[in-house]
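Input: a single structure, listed below in structure tokens.
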Amino acid sequence: MNINDISNGSEVKIHASINDHGIVLLTEAIFGVSAGLLVKPMEYFGKYMQFLEPSNVEIRNKRDGRVYKFMSTTITPVKTRYGNFHLIRSSSKLVPENTRKAERFYIEKLGLMSINGNNQDLKNCLVHDISMRGISLVLERGTNVKVGDTLNVMFRYGATLHNYEITTMVVRKFEVQGKDAVGCSISNLNVDLIGLLSSKKKAATELDKAPETSLNPDIPQEQQIMEVEEDLAKDLIPEKPTTITITPSASSSGKTLREQKRDEKMAKQAREIANLLDLRDV
């Protein structure tokens, strides 16, 4: 599958970095053209983004409900007769991540886990995704687990921060963006977990019902694509600035850039630990 085969209305998430600042941009697919995928315009601090280096892209394709992750070649703003959009280019073939029978839902929430019942040594983890059959976890650096280990996982999710507790067994080890991760089977599919999966399934179904975007309802999409192709060939420039550069703010304390980054990292870790402390009492 190529990037220009993505369906109209598909959800697009872009993970990128500008001057070492990580950002996540959300947009929606319009349709594929010969050069790539046309998506709704993305702004950051009132300016259009332009990425001339590879970025991680995640798309939930509306046609088949599967999630595709790949590297873009470039993501640039383009101008057409229908307005300004962004064009995602990629030379990679798109391979679905959730090819297994049980549908997976992405959680991306911090949690705590114990290994083989050792509740005195809780480890941080990231709940990556979950299905009726299992769960995958991104491990904290230095966490040692092996296939066959039992993991008791706790995490909070949803508007009410409901607490979920799951007993799992490690069945495989792999990596997620260079970090150690494990895939586990679930041994206690309780009512809470079934409710969570049902709500995620309902949300995905509602997304599939969302209307597609038509740039001109008076003509078929094939003609719209042809017109956009003509406009792209003209290489028109959008009115708004196309790039933005984020630079570290000057330090009034006289600290070096390395010291500032170290302090920011320590502060972030402190906030994450504070958010997890209430789970230790569960």
Side-chain angles (χ1 to χ4, degrees), residues 13-18 20-24 55-58 67 69 71 97-98 100 102 104-190 192-193 196-197 200 257-282:
K13 183 184 294 185
I14 300 166
H15 301 266
S17 178
I18 303 178
D20 296 326
H21 288 71
I23 62 172
V24 178
S55 300
N56 290 305
V57 182
E58 176 182 326
V67 173
K69 290 186 177 182
M71 294 295 293
E97 286 215 332
N98 47 339
R100 296 177 293 179
R104 291 188 292 171
F105 301 101
Y106 290 87
I107 300 295
E108 301 293 338
K109 283 292 182 181
L110 287 172
L112 290 173
M113 70 178 194
S114 64
I115 305 173
N116 295 324
N118 184 6
N119 295 322
Q120 302 302 314
D121 185 22
L122 297 180
K123 302 290 187 180
N124 294 333
C125 65
L126 180 72
V127 180
H128 183 53
D129 61 49
I130 193 168
S131 73
M132 294 290 285
R133 294 186 177 186
I135 186 172
S136 67
L137 308 169
V138 179
L139 303 178
E140 184 181 30
R141 182 176 298 178
T143 302
N144 296 314
V145 299
K146 61 183 182 296
V147 173
D149 282 347
T150 298
L151 306 181
N152 293 317
V153 182
M154 300 174 289
F155 67 97
R156 296 197 172 193
Y157 190 79
T160 61
L161 294 179
H162 183 80
N163 186 65
Y164 295 91
E165 298 183 35
I166 307 172
T167 299
T168 72
M169 178 177 290
V170 179
V171 295
R172 69 186 184 103
K173 302 176 70 174
F174 59 102
E175 288 188 355
V176 173
Q177 296 181 353
K179 298 179 181 179
D180 291 336
V182 292
C184 309
S185 61
I186 297 176
S187 58
N188 63 331
L189 196 62
N190 53 41
D192 279 356
L193 190 55
L196 173 61
L197 292 170
K200 298 290 285 184
L257 179 59
R258 178 176 295 180
E259 290 172 334
Q260 293 176 48
K261 290 184 175 181
R262 181 201 61 194
D263 292 346
E264 291 172 359
K265 183 178 180 180
M266 293 178 65
K268 180 180 178 182
Q269 291 176 342
R271 289 194 299 270
E272 291 176 348
I273 292 172
N275 290 336
L276 290 169
L277 283 178
D278 56 340
L279 288 177
R280 296 182 182 271
D281 298 326
V282 175

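- Residues D192 and Y164 come closest through the heavy atom pair O-CE2, 3.3 Å.
- Minimum interatomic distance between F174 and R172 (heavy atoms only, all atoms of both residues): CD2-NH1, 3.5 Å.
- Under the rule for a side chain to side chain donor-acceptor pair (under 3.5 Å), the partners of S136 that lie at least two apart in sequence or sit in another chain are D129.
- A pairwise comparison of heavy atoms in L161 and R156 identifies O-CD, 3.4 Å as the closest pair.
- Residues forming a side chain to side chain donor-acceptor pair (under 3.5 Å) with E108 (at least two apart in sequence, or on another chain): H128.
- With a 4.5 Å cut-off on side-chain heavy atoms, D180 and K173 do not count as touching.
- To the nearest 0.5 angstrom, M132 atom CE is 6.0 Å from L197 atom CG.
- Here the closest heavy-atom approach between residue V138 and residue K179 is recorded as CG1-CB, 3.8 Å.
- For the pair I130 and I166, the minimum side-chain heavy-atom distance is below 4.5 Å.
- If you take CD1 on I135 and CD1 on I107, they are separated by 7.5 Å, rounding to the nearest 0.5 Å.
- When every heavy atom of I14 is checked against every heavy atom of S55, the shortest pair comes out as CG2-CB, 4.3 Å.
- Annotation: side chain of T143 is in contact with side chain of M113 (closest heavy-atom distance under 4.5 Å).
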- So V127 and L137, side chain to side chain contact (heavy atoms under 4.5 Å, CB included) or not? Walk me through it. CA-CA 5 Å; V127 180; L137 308 169; 4.0 Å; yes
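- Atoms CZ and CG, from R141 and N124 in turn, are 13.5 Å apart once rounded to the nearest 0.5 Å.
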Listed pairs under 3.5 Å, donor-acceptor, residues 144-151 side chains, sequence neighbours left out:
from: K146; atom 1: NZ; to: D149; atom 2: OD1; distance (Å): 3.2
from: D149; atom 1: OD1; to: N116; atom 2: ND2; distance (Å): 3.2
from: D149; atom 1: OD2; to: K146; atom 2: N; distance (Å): 2.8

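- Interatomic distance, N152 CG to T167 OG1, rounded to the nearest 0.5 Å: 4.0 Å.
- Taking every heavy atom of both residues into account, L193 and N190 meet most closely at N-OD1, 2.8 Å.
- Summarising the local packing, NZ of K69 is surrounded by more than 12 heavy atoms from other residues, nucleotides or ligands at distances under 6.0 Å.
- With values rounded to the nearest 0.5 angstrom, N163 atom CG is found 8.5 Å from F155 atom CZ.
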